[in-house]
Structure formats: structure tokens, C-alpha cells
Amino acid sequence: MPIASPHRLLNLLAPTLAVALLASPARAHPHVWVTTKAEIAYGEGGRVTGIRHAWTFDASYSAFVTQGLDKNGDGRLTPDELAGLAAENTGNLAEFGYFTKLKVAGKEQAFADPAEPRMTMDGDKLTLSFLLPLKAPVAQGRGVTAVEVYDPTFFVSFALAEGADAARLTGAPSGCAATLTRPKGDPSADGKTADAKPGMSEAFFEALTSASNYGLQFANRILVACP
């Protein structure tokens with residue numbers, strides 16, 4: 001049974017993390033840091049077919065969520081040992097819209113069920129990857145495809161990875177190019193506390209829901225333009 005938590009996202013991300021938060025002094029949001037990479041996939045006729053996410057969690061979260069998963073006790077966590085956690089977490093993300101919005105030529109697209117969930121442990125950090133297909137492939141034409149990744153409640157901080165592979169295009173028409181836009185004052189993805197605005201208490205964040213727009217100011221954006 002999940003442990004009662006001060007925020008509903010705890011039940012999504014890790015009941016064990018709730019223990020750590022409840023046992024430690026309150027701190028400003030965010031509580032979990034994620035470094036993201038995204039691959040935008042194109043299919044026949046240059047249609048956008050989906051997004052393949054890769055999310056790397058901070059070391060503290062990774063340690064808590066993987067407790068007890070080393071079944072053979074060899075000190076290593078394999079994708080097989082993490083398979084159940086990957087499937088559970090990916091499925092639960094539906095309630096939060098996968099923290100992802102995708103617009104093609106200004107029109108928001110609907111996602112089908114995620115596929116190919118997988119988790120790997122590299123050093124002390126856990127990475128979740130999954131394919132997020134569109135319900136129906138859509139032609140981009142000369143419009144712009146825009147991907148936004150963020151948590152409306154700012155409980156989780158998402159930050160685009162450094163380097164050229166933070167956003168990739170697979171099967172895109174010739175000449176298409178991606179541009180990354182990072183939020184000003186983007187909180188670090190390495191577990192450092194972000195500065196909340198004066199007067200914003202934990203109660204303020206507790207009242208936020210997935211319909212809130214507070215976290216929009218911290219959205220990471222990938223814009224794809226085609227000739």
C-alpha cells in the first residue's frame with residue numbers, strides 16, 4: 001500500500017521517496033530533478049508519429065526508487081530487474097499527460113498509450129525511456145512542430161540535457177531542423193534547490209493540480225521547422 005504523501009505525485013513517482021521527504025525538513029519545490037532527451041519520430045509522407053523520451057533522474061531519487069530491486073544481490077541493477085518499475089511508472093504517467101505537450105502547426109495532438117518502457121541504471125542515476133506515439137500521425141508541412149516538457153505543479157523539474165542529442169529527429173523530411181528553448185532561470189537538474197518566489201509556501205504548491213499553469217514558465221521546448 002502506498003505511503004501517504006504530501007503530494008499526489010509521490011504516489012506516481014515513488015512511495016519510498018515520500019518516506020525521505022516526510023523525514024526531512026521541508027524545502028522549496030521542486031523535489032525531483034529530471035534531465036531529458038527527446039527523439040521526434042517521423043513516418044511515411046513526413047508525418048510526425050510520436051516522441052521517444054529518455055528521462056534521467058537525480059541520484060537521490062534514483063537511490064530511493066530502486067531500493068530492493070537488486071533481486072540477485074550482485075550489486076548491479078539490470079533492465080530486467082527494472083522492467084516492472086518501468087512499466088508501472090510509464091503507465092501511471094497518463095494521468096499527467098506524460099508531462100508532454102506536442103503541437104503540429106499550432107494544433108495540440110493526442111497521444112496513444114506509451115510503448116517500449118525501459119529503465120537502465122548508469123552509475124548512480126536511473127534513466128526511464130519510452131515511446132509516446134500519436135493517436136494519428138500528422139503531416140507537419142511547412143508548419144512548426146513544438147514539444148513542451150514540464151510539470152504544471154513544478155514538483156518535478158525537467159531540464160533538457162546538454163549537447164546535440166538533447167533533441168533528435170528520426171525520419172524527418174530533408175531540411176527539417178530542431179531548435180531548443182530553455183526557460184530563463186531553469187532550475188538545475190542535479191538536485192540543487194530552485195528559488196521559489198517570495199511568499200510561496202509549500203501549501204501553495206500543494207494546491208496546484210495538473211491543470212495549473214505555474215510550471216509552464218519552466219517548460220523546455222523543442223521547435224522543429226521544415227522548409
Side-chain angles (χ1 to χ4, degrees), residues 2 5-18 20-22 26-38 40 51-62 64-65 85-86 88-103 108-111 114 117 119 125-132 146-162 166-167 180-197 200-223:
S5 67
H7 193 290
R8 62 203 294 260
L9 275 179
L10 286 173
N11 291 326
L12 162 68
L13 293 171
T16 50
L17 183 58
L21 294 180
L22 292 172
R27 58 176 178 162
H29 272 47
H31 290 294
V32 180
W33 289 261
V34 180
T35 302
T36 73
K37 294 181 180 181
I40 302 172
I51 305 168
R52 186 176 295 277
H53 280 305
W55 295 349
T56 299
F57 297 90
D58 66 83
S60 295
Y61 171 79
S62 298
F64 279 111
V65 77
L85 182 65
E88 179 181 1
N89 277 259
T90 303
N92 287 340
L93 288 169
E95 181 181 355
F96 302 93
Y98 306 99
F99 299 117
T100 304
K101 291 186 182 297
L102 186 147
K103 293 181 179 180
E108 187 168 345
Q109 304 299 309
F111 296 114
M119 275 184 170
K125 293 183 179 179
L126 183 69
T127 296
L128 167 67
S129 61
F130 60 97
L131 175 64
L132 193 55
V147 179
E148 294 180 335
V149 181
Y150 67 99
D151 174 10
T153 70
F154 197 46
F155 185 85
V156 182
S157 167
F158 289 92
L160 281 165
E162 299 295 334
L180 309 185
T181 302
R182 305 173 190 272
K184 294 181 179 179
D186 185 26
S188 172
D190 64 4
K192 297 179 181 178
T193 303
D195 293 329
K197 294 182 180 179
M200 287 187 175
S201 65
E202 191 69 13
F204 168 82
F205 291 103
E206 292 262 356
L208 297 177
T209 68
S210 57
S212 305
N213 62 4
Y214 178 81
L216 182 60
Q217 65 188 300
F218 302 109
N220 296 267
R221 296 179 177 87
I222 301 169
L223 305 177

Exercise. Listed by chain and number, what are the side-chain hydrogen bond (donor to acceptor under 3.5 Å, both in side chains) partners of Ser62, not counting sequence neighbours?
Worked result: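 If we apply the side-chain hydrogen bond (donor to acceptor under 3.5 Å, both in side chains) test to Ser62, skipping adjacent residues, there are no hits.
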Problem set entry | Qualifying residues under side-chain hydrogen bond (donor to acceptor under 3.5 Å, both in side chains), relative to Glu148, sequence neighbours excluded |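 Once residues adjacent in sequence are excluded, the partners of Glu148 under the side-chain hydrogen bond (donor to acceptor under 3.5 Å, both in side chains) criterion are Arg221.
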Partners meeting side-chain contact (heavy atoms from CB on, under 4.5 Å) with [X] (sequence neighbours left out):
{"X": "Leu180", "value": "Leu160, Ala166, Ala167, Arg182, Ile222"}
{"X": "Arg52", "value": "Glu39, Glu116, Leu131"}
{"X": "Glu108", "value": "Lys101, Lys103"}

Problem set entry | Where Pro183 and Ala219 come nearest, the two heavy atoms and their spacing |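 Taking Pro183 first and Ala219 second, the nearest heavy atoms are CD-O, 3.4 Å.
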For this session: Locate the shortest heavy-atom distance separating Asp58 from Lys125; write the atom from each residue and the value.
Result: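 Nearest pair, atom of Asp58 first, then Lys125: C-CG, 4.4 Å.
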For this session: Have a look at Pro117 and tell me which of Thr90, Leu93, Asn89 forms a side-chain contact (heavy atoms from CB on, under 4.5 Å) with it.
Result: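 It is Thr90, the one option of Thr90, Leu93, Asn89 that forms the side-chain contact (heavy atoms from CB on, under 4.5 Å) with Pro117.
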Hey, what do you get for [atom1] ([X]) to [atom2] ([Y]), rounding to the nearest 0.5 Å?
{"X": "Thr100", "Y": "Asn220", "atom1": "OG1", "atom2": "CG", "value": "10.5 Å"}
{"X": "Leu132", "Y": "Gln109", "atom1": "CG", "atom2": "CD", "value": "12.0 Å"}
{"X": "Leu126", "Y": "Leu85", "atom1": "CG", "atom2": "CG", "value": "6.5 Å"}

Exercise. Would you say Phe96 and Asp151 make side-chain contact, with heavy atoms under 4.5 Å?
Worked result: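 Heavy-atom side-chain distance check fails, nothing below 4.5 Å.
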Exercise. Are any non-hydrogen side-chain atoms of Ile51 and Phe111 less than 4.5 angstrom apart?
Worked result: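 Ile51 reaches Phe111 side chain to side chain.
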Problem set entry | Results of ring-ring contact (aromatic ring centres under 6.0 Å, His included) for Phe130 - residues two or more places apart only |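 Once residues adjacent in sequence are excluded, the partners of Phe130 under the ring-ring contact (aromatic ring centres under 6.0 Å, His included) criterion are His53, Trp55.
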